[in-house]
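Data block below; observations after.
Labels below follow one simple rule: chain letters A, B, ... track the order of the sequence lines, proteins then strands, and each chain is numbered from 1. Values below: all heavy atoms of this structure, side chains included; hydrogens, waters and symmetry mates excluded.
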Amino acid sequence: MKLLKELEKNLGYYFSGVVNAPLSKPHWIFVSLTHRCNYSCQMCGVSKILREHELDFGLLQKVFKEIAGWDSDCVMVFTGGEPFLRKDIFEIIACAVSLGIKTELVSNGSQIIDRAIARKIIRSGLSNIAISLDGASAKVHDGIRGVPGAFEMALDALGFLSEEKKLYPCGPQISVWTTIMKENVFELSQIIPVTRAQGVECLVYHPVIVTQDDMQNTIKSGHFWVTEEYIAPLKQQIEKIAAYQKKEGYVAFLHDPFLWLRYFQWDLTKEDWKCNPFVFIDIGPDAFVRSCGPAFGNVKEMTLSECLETKEANRARERMLRCDRPCLQTCWGRPEADALEDIVRNFSKEVEGLRVSKGRKKDVLNAAVALLSRYESMIRKDY
Amino acid sequence: MEPRLSEVIISITNRCNLQCAMCQIPLRAAPEMTTPELKGLIEDIVDLHPRSIVFSGGEPLMRPDIGELIAFANQRKVNTCLTSNGTMITDQTAAMLASSGVGVVNVSIEGGQEIHDALRGRGNYKKAVDALENLRRHKIETTIATMVCNLNFGSLSEVMELAARFGVTTVKFQPFSDIFLKDKADAGRFFCGEKTIDDIRGNIEKVIELSRKYRISTNPPAYLRNIPEYLTGMSKYSTNVQCPALWTSCPISSEGDVHLCWVLSEIVIGNCKSKKITEIWGSVAHDRLRKSVLKDKCSGCLMSCYDTQYGTNSIPELIALKARKIKQPQFYKRQYFRAYQYAQYLFKKVFNTLLRLNNPLKKNKKAVSLVLDEIRAAKDFLRKQMH
């Protein structure tokens, strides 16, 4: 039953935090297929490091097989660099998909140059394709991406994808990811009509982080930081976006969008946004596994599960649990699993809303109590 | 590394039997914590391993449970200090305090008889001096606190002489501050004209000299030498001193509010009746407040809580001062408590983190029971939903 599975997962994440041991497998598995990229976006330093490393197909296959055996509804996100620069990208996707893994991919769109490639992507079995778009005009987007014509290419790619999706409606959701930064503050809400016109189905905003791998080192003097004088325009934009979202949906908020203001004002605290170190992992092109901060294992040498249980993993997570610089990057958070009280309350509310008999509802609640008892006895036994 | 918490100051009551000119705390009627609440608080404070717990007020002896509270802290091997105006320390009270195991009793004396009575009310000098005598008889280490202002700077050396006579180990001077006044407009008469600065300086130098002569601890000379400028308003405060008091001292008001600092009394970190002090002290919110205060909210002060920042006595002087303290009957017990708390603190800081192997529940019975409670509550909630 779906509700119980969800409860089990949230309880897993919650108690993982309590004992600092992975009781639930990560939900987000980011796989950085290559650090090569044809763009040199100013806010991203990825293409400058580990360029010579790339995960080979055999290793990927091994990792996919392991994940497929987890019996957990995780989502694998292929990132880079630019994933479409890999010649075997479609084989990689096909391999994961054939093992039953839910896959998503993030691209700059520059390689989706015609309908034929778009068709391949739409029919590849991906469940989401995200194209990065950082402005509503060529001037802003190209300025940030460092390549003239990038804006046109991204819009074309989105157009090709949505046309192909019309022919194959069960293809991936077509979405756009936008990084909020000083350079595009004034255009944020404008991105909505621009992308909607291209047939995009979902828009996700996330605030810029200045260092890529470790939020604890983020500095607000960074180039793209939305500084004090830009806070008021950002607020206006958020108001516009939120109003639109209320009416039309389309924009996916994973938390209160006004938290972005506090984030940029350097005022966000643990109480506002908590990181759950068990929800997210990233496998780099050098096969090192990390969630935030230092890496804690290498999938060339051990399985992914073993990586999660190393001492280094423990240490990294403990550091994350202590982190008081919330980054608002949605992959690292699982607000629905922050507090036991909320988990249980939300669950019972959903059970309440189920259209089944009273007896059945009682069974479900009983199953939930049994789940809790399992954690109770585990804690009693181990501690 | 953050400085260690040194003293937790609990104002157990705002009530007082006196009405001193420079203090209007008793006018701020406030609810008080009950004895069990205070005991719970002390229990939690011990988990923070401070060097000492200071019972202050108002006049703490106004509460009949003061001996019980001190004894409770004493059992937990933490040093205690009681600040009092001395008027209630009869022979009987001193005996009660001695049996409670109090570490130090701090009596406020403002100068000679005339000036003391002028500030604190007629007849109170004699009572305070009797208190010193009673405390000495019952072998309780005694210190003196003196507020320095326009009215008494001339009789500071009298305080030193008195201290020497009664075997007082420390005299702490603290220039007048308007934080204890309800109506800040009254503050003017406690400050001095610029012309008197040399006079004040002379008196301060005399105090420093007497402290060397009698080997009585006072504030560091460099701090004392700031007082004349402060009182005459010539240099208001020394804000270039990085204030460690935000880390080293934890003030708690009679209603249980944990403050960042007495001077910034409007800032409350949390209330220890609704939350444990261990969750309030050092929390994320606390840290944020400290940072914002150090950045722009602090206008500076000359409170003696951070006087060591101005420099300390020279090492031979320190040895001489210590040598006199060793003769105190409670000396070894106090050093033992201090070392005990410090060891606990270190142990927690260093070994616990290693031993726990990054697992927050390991070796932490309290955390485990909290989690179990939480699970129980969740289960009860679900069971209730079934009906």
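Distance check, rounded to the nearest 0.5 Å: CD1 of A/Ile281 to CH2 of A/Trp28 gives 13.0 Å. Within the model, atoms CD1 of B/Ile277 and CD1 of B/Ile269 stand 7.5 Å from one another, a figure rounded to the nearest 0.5 Å. Atom-to-atom distance recorded for A/Ile238:CD1 and A/Ile180:CD1 is 6.0 Å, nearest 0.5 angstrom.
In terms of modelled atom types and a separation under 3.5 Å, the side chain of A/His27 and the main chain of A/Val279 share no donor-acceptor contact.
Relative ring orientation between A/Trp225 and A/Phe264 is described as perpendicular, the plane-to-plane angle rising above 60° on a 0-90° scale split at 30° and 60°.
Using a 4.5 Å cut-off between heavy atoms, A/Arg345 contacts chain B through both its backbone and its side chain.
The candidate with the highest count of non-hydrogen atom pairs below 4.5 Å against chain A, out of B/Lys379, B/Gln385, B/Arg383, is B/Lys379.
Scanning residues 7-15 of chain A against chain B with a 4.5 Å non-hydrogen threshold yields A/Tyr14, A/Phe15, sorted by number.
Residues A/Glu376 and A/Arg380 are paired through a salt bridge, judged by an N-O separation under 4.0 Å between the basic side chain and the carboxylate.
In this structure, B/Lys273 has no salt bridge (charged side-chain N to carboxylate O under 4.0 Å, His left out) partners at least two apart in sequence or on a different chain.
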